[in-house]
Q: 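Below is a structure I'd like to ask you about.
These values consider heavy atoms only, across backbone and side chains, with no hydrogens, waters or symmetry-generated copies.
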Amino acid sequence: MPGRLLNQYSMSEHEGNLRIATTLADQKTSSSAVYVLRADTLAKLGEVGGLGKDERIYSVRFIGPVGYVVTFRQVDPLYTLDLRDPAAPKVTGELKITGYSAYLHPAGDGRLIGLGQEASEKGRTLGTQVSLFDVSDPAAPRRLSQLFQKDSGSEAEWDPHAFLYWPKTGAAVIPVSSYRENQTDSGAMVLKISDTEVTKVGTITHPKIKEGDHSFQPGIQRSMVIGDSLWTLSQAGIKVNDLNTLDEQSWIPLS
């Protein structure tokens, strides 16, 4: 297939068919497409192109017979794709908003979480944003809620293992580093994602690491839920907090 893959989410097998999302770019133009191949022979069955003219793919998610593609240059179109007919995949809806989602995560029936960067209308990134999309109507995807943290970034934008979503309680945990003047503050932002809204519950930080005359806040790399506790891991150690109140329960240094 022409073009390049973004990551592992750009490929998906469903009912004997392989779906592939690619961006084809040269020095002046770019365009993206989704191809459907037979999984056993790799013969092409169908394709849908024209996604994000002069933009490139920033995230992809295939969920059963539906596909979601985000492209970006100055604004962020979220495309919904109908892939039920392998020979005739088609775009069913499009939502244009500023910024982009670098990672898409399913959040129950008709809901999709987007994690990425907010941006100006000229495409300059401004900081971490988490979006909750209503995709129940494939013809009219819409954003229900947005949480924005200025001058920050998250490892989960390029490493989905850093993102935690716990459907049982609607909790989500995202490592975030905020930048101000000559200082970087790192921690894990804990969110509550309901059926209609994204809200911030609090932030978990780990003790600073000292190196000579300097100290720095270690970035939180992973998080997980065990029972009613939230465990977070950094190069400094493991912290255990109550999942609901975020009260600290334990600190386990790694050195």
Q: For Ser30, is there any backbone N or O sitting under 3.5 Å from a side-chain donor or acceptor partner on Lys53?
A: no
Q: Atom NE2 in His206, atom OG in Ser234: separation rounded to 0.5 Å?
A: 4.5 Å
Q: I'd like to know if the side chain of Thr98 pairs up with that of Glu121 as donor and acceptor (distance under 3.5 Å, no hydrogens or angles considered).
A: no
Q: Would Gln117 and Glu157 count as having a side-chain donor-acceptor pair, cut-off 3.5 Å?
A: yes
Q: Output the distance between atom CG (Leu115) and atom OG1 (Thr128), rounded to the nearest 0.5 Å.
A: 7.0 Å
Q: Take the angle between the ring planes of Phe72 and Tyr58 and call it parallel below 30°, perpendicular above 60°, tilted in between.
A: perpendicular
Q: Mind checking whether Val60 and Leu51 sit in one hydrophobic cluster, side chains of I, L, V, M, F, W, Y counted as touching below 4.5 Å?
A: yes
Q: Is it the case that the side chains of Thr92 and Thr80 hold a donor-acceptor pair, with the cut-off being a distance below 3.5 Å and no angle test?
A: yes
Q: Please test Lys28 against Asp26 for salt bridge (charged side-chain N to carboxylate O under 4.0 Å, His left out), starting from the C-alpha separation and ending with a verdict.
A: CA-CA 6 Å; Lys28 295 183 179 180; Asp26 56 30; over 6 Å; no
Q: Working to the nearest 0.5 angstrom, can you tell me the gap between Glu118 CD and Ser131 OG?
A: 8.0 Å
Q: Are Ser186 and Gln217 linked by a side-chain donor-acceptor pair shorter than 3.5 Å?
A: no
Q: Is the distance between the ring centroids of His105 and Phe163 under 6.0 Å?
A: yes
Q: Evaluate the side-chain proximity of Ser250 to Ile252: yes if any heavy-atom separation is below 4.5 Å, no if none is.
A: yes
Q: For the residue pair Gln249 / Ser229, report whether a side-chain donor-acceptor contact shorter than 3.5 Å exists.
A: yes
Q: Are the ring centres of Tyr103 and Tyr9 closer than 6.0 Å?
A: yes
Q: So Leu191 and Val173, do their side chains get closer than 4.5 Å, heavy atoms only?
A: no
Q: Taking atom types as modelled, is there a side-chain donor on Ser12 or Arg19 under 3.5 Å from an acceptor on the other?
A: yes
